[in-house]
2 protein chains.
Amino acid sequence: MDPQPFHDHDHHQCSDAVMSQAEASLAASGARLTPVRRRVLEILLEAHRAMGAYDVLQRLAAEGYGNQPPVAYRALDFLVEHGLAHRIQRLNAFAACMHPGEAHAPAFLICRVCDTVAEAPAAPVRAALDGAAADLGFTVERASIEALGLCPACREPS
Amino acid sequence: MDPQPFHDHDHHQCSDAVMSQAEASLAASGARLTPVRRRVLEILLEAHRAMGAYDVLQRLAAEGYGNQPPVAYRALDFLVEHGLAHRIQRLNAFAACMHPGEAHAPAFLICRVCDTVAEAPAAPVRAALDGAAADLGFTVERASIEALGLCPACREPS
DNA sequence: CTTGACGCGTTATGATATTACATACATAGA
DNA sequence: TCTATGTATGTAATATCATAACGCGTCAAG
Ligand SMILES: [Zn+2]
Ligand SMILES: [Zn+2]
Ligand SMILES: [Zn+2]
Ligand SMILES: [Zn+2]
């Protein structure tokens with residue numbers, strides 16, 4: 001079973017595992033996980049949440065890295081391009097990918113209470129979308145599917 | 001058959017029809033279609049494309065309306081709240097709704113060549129998304145589904 | 001006639017993102 | 001070893017998108 005952001009889990013192990021997969025994935029593609037990039041990924045992995053570029057930048061600056069926007073944007077763009085992070089359009093923010101290496105275009109589930117972001121398998125959704133688009137003669141190349149709602153934890157009165 | 005942004009059609013009739021539906025829809029809800037709001041809707045209706053708030057603002061200013069961002073944002077927000085326009089997250093832009101009055105949460109199909117935006121019926125897509133979310137215990141309240149690709153016209157070598 | 005709700009105009013500011021250029025660093029020939 | 005080259009980082013400046021806060025005019029209810 002994949003890590004489940006919405007449920008209690010050993011997040012240390014969770015993020016370590018993702019980090020390892022990320023390293024392996026990058027090594028395979030020959031791209032370099034530099035200190036800035038690695039640190040940004042670690043920061044994103046601290047919680048199952050999306051962070052704005054400027055939030056990331058602030059963290060980087062506090063740790064002695066550059067403090068201008070391109071420093072953060074470049075690292076984030078790198079991670080996105082290499083499938084190690086996703087951009088959440090709705091939030092103007094970025095989240096670590098929980099399945100690096102596996103080619104995928106997930107649907108994002110964003111809890112409006114606790115801001116947790118999870119990736120859901122989007123294949124059936126994507127198939128439905130492709131179908132609807134095909135009815136209009138449209139060819140889908142990339143899709144962003146983002147849902148806002150309540151995660152299990154926040155729905156329970158608990 | 002609905003108006004088909006991707007195919008040749010009598011757009012004058014197309015936009016007039018939407019405008020009428022919009023007026024009817026607003027009248028039913030008691031909200032007021034003021035000159036600024038009406039003009040913004042007309043501007044959005046000029047083409048099946050999304051426009052940024054500042055593009056709209058520029059048009060408004062050129063016609064003697066206010067030239068500060070809130071003028072455009074207020075009118076656009078009003079239109080979105082009343083179901084007469086949609087916000088396209090991916091583009092930071094707004095498009096007129098082609099089915100005002102009918103409650104709907106469409107999927108958007110955005111041609112990367114000609115920038116045309118169309119609304120596709122999203123019910124099946126939404127159902128698939130709800131299913132995938134339910135598997136994780138997540139309740140979807142609102143979803144944005146936006147596809148980038150090629151419209152029929154731009155795919156043909158023609 | 002007053003009052004209050006609403007729409008609009010304006011100033012100012014905040015938040016997000018990119019361009020352009022300079023500098024440092026790695027590594028692969030010569 | 002010594003450059004040459006590509007890549008990564010640092011920085012300044014600017015562009016783009018969005019909102020907060022305030023004041024004025026209009027109009028209808030009381
Ligand atoms: Zn975790
Ligand atoms: Zn939650
Ligand atoms: Zn039309
Ligand atoms: Zn097209």
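Sequence lines set the chain letters: A, B, ... in the order given, protein chains first and strands last, and positions in each chain run from 1. FYI, side chains are in, hydrogens and waters are out, and symmetry mates aren't considered; it's all heavy atoms of this structure. A quick note: this is a predicted structure, and the numbers were derived from the prediction, not measured.
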For B:Gln58 and D:dC17, what is the distance between atoms CD and P respectively, to the nearest whole Å?
-> 12 Å

Where does the angle between the aromatic ring planes of A:Tyr73 and A:Phe94 fall among parallel (under 30°), tilted (30 to 60°) and perpendicular (over 60°)?
-> perpendicular

B:Arg87 (side chain) donor-acceptor with B:Ala95 (main chain) under 3.5 angstrom | no

Can B:Arg32 and B:Leu26 be said to form a side chain to side chain contact (heavy atoms under 4.5 Å, CB included), step by step?
-> CA-CA 7 Å; B:Arg32 294 168 47 200; B:Leu26 276 192; over 6 Å; no

Using whole Å, report how far CG of B:Leu57 lies from P of C:dT11.
-> 13 Å

Charged N to carboxylate O below 4.0 Å: is that the case for B:Arg126 and B:Asp130?
-> yes

Figure out the CD1/P separation between A:Ile88 and C:dT16, and round it to whole Å.
-> 15 Å

Looking at DNA chain D, which of residues 67-79 of chain A put a heavy atom within less than 4.0 Å of it?
-> A:Gln68, A:Pro70, A:Val71, A:Arg74

Could you give me the CA-CA distance, side-chain angles and deciding distance for A:Arg90 and B:Glu146, then say whether salt bridge (Lys or Arg N to Asp or Glu O under 4.0 Å) is met?
-> CA-CA 11 Å; A:Arg90 198 165 181 119; B:Glu146 301 175 356; over 6 Å; no

On DNA chain D, nearest-nucleotide positions of A:Val36 versus B:Arg87: which is more 5'?
-> A:Val36

How close or far is atom P of D:dT11 from atom OH of A:Tyr65, stated in whole angstroms?
-> 14 Å

Test for a donor-acceptor pair under 3.5 Å between the base of D:dA18 and the side chain of B:Tyr54, counting only N and O atoms.
-> yes

Yes or no on salt bridge (Lys or Arg N to Asp or Glu O under 4.0 Å) for B:Arg59 and B:Glu46, after CA distance, side-chain angles and deciding distance?
-> CA-CA 12 Å; B:Arg59 293 286 305 273; B:Glu46 284 174 5; 2.8 Å; yes

Interface residues of residues 141-149 of chain B with DNA chain D (non-hydrogen, below 4.0 angstrom) | none

Is the A:His11 ring parallel, tilted or perpendicular to the A:His48 ring (thresholds 30°, 60°)?
-> perpendicular

Ignoring hydrogens and geometry, is there a side-chain-to-backbone donor-acceptor pair from B:Glu119 to B:Met98 under 3.5 Å?
-> yes

So, for B:His104 and B:His86, is the gap between ring centers shorter than 6.0 Å?
-> yes

Between C:dA15 and A:Asn92, is there an OP1 or OP2 to side-chain N/O distance shorter than 4.0 Å?
-> no

Rounded to whole angstrom units, what separation is found between the CD atom of B:Gln89 and the P atom of C:dA15?
-> 19 Å

B:Met51 has an atom CE; how far is it from atom P of D:dT16, in whole Å?
-> 15 Å

When clusters are formed by joining ILVMFWY residues with side-chain heavy atoms under 4.5 Å apart, either directly or through shared neighbours, do A:Phe108 and B:Ile88 land in the same one?
-> no

Of A:Leu91 and B:Arg37, whose closest DNA chain C nucleotide lies nearer the 5' terminus?
-> B:Arg37

Close N or O pairs between protein and nucleotides 23-30 of chain D (under 3.5 Å):
none

Side chain to side chain donor-acceptor pair (under 3.5 Å) evaluation trace for B:Arg155 with A:Thr139 = CA-CA 8 Å; B:Arg155 188 173 36 169; A:Thr139 308; 2.8 Å; yes

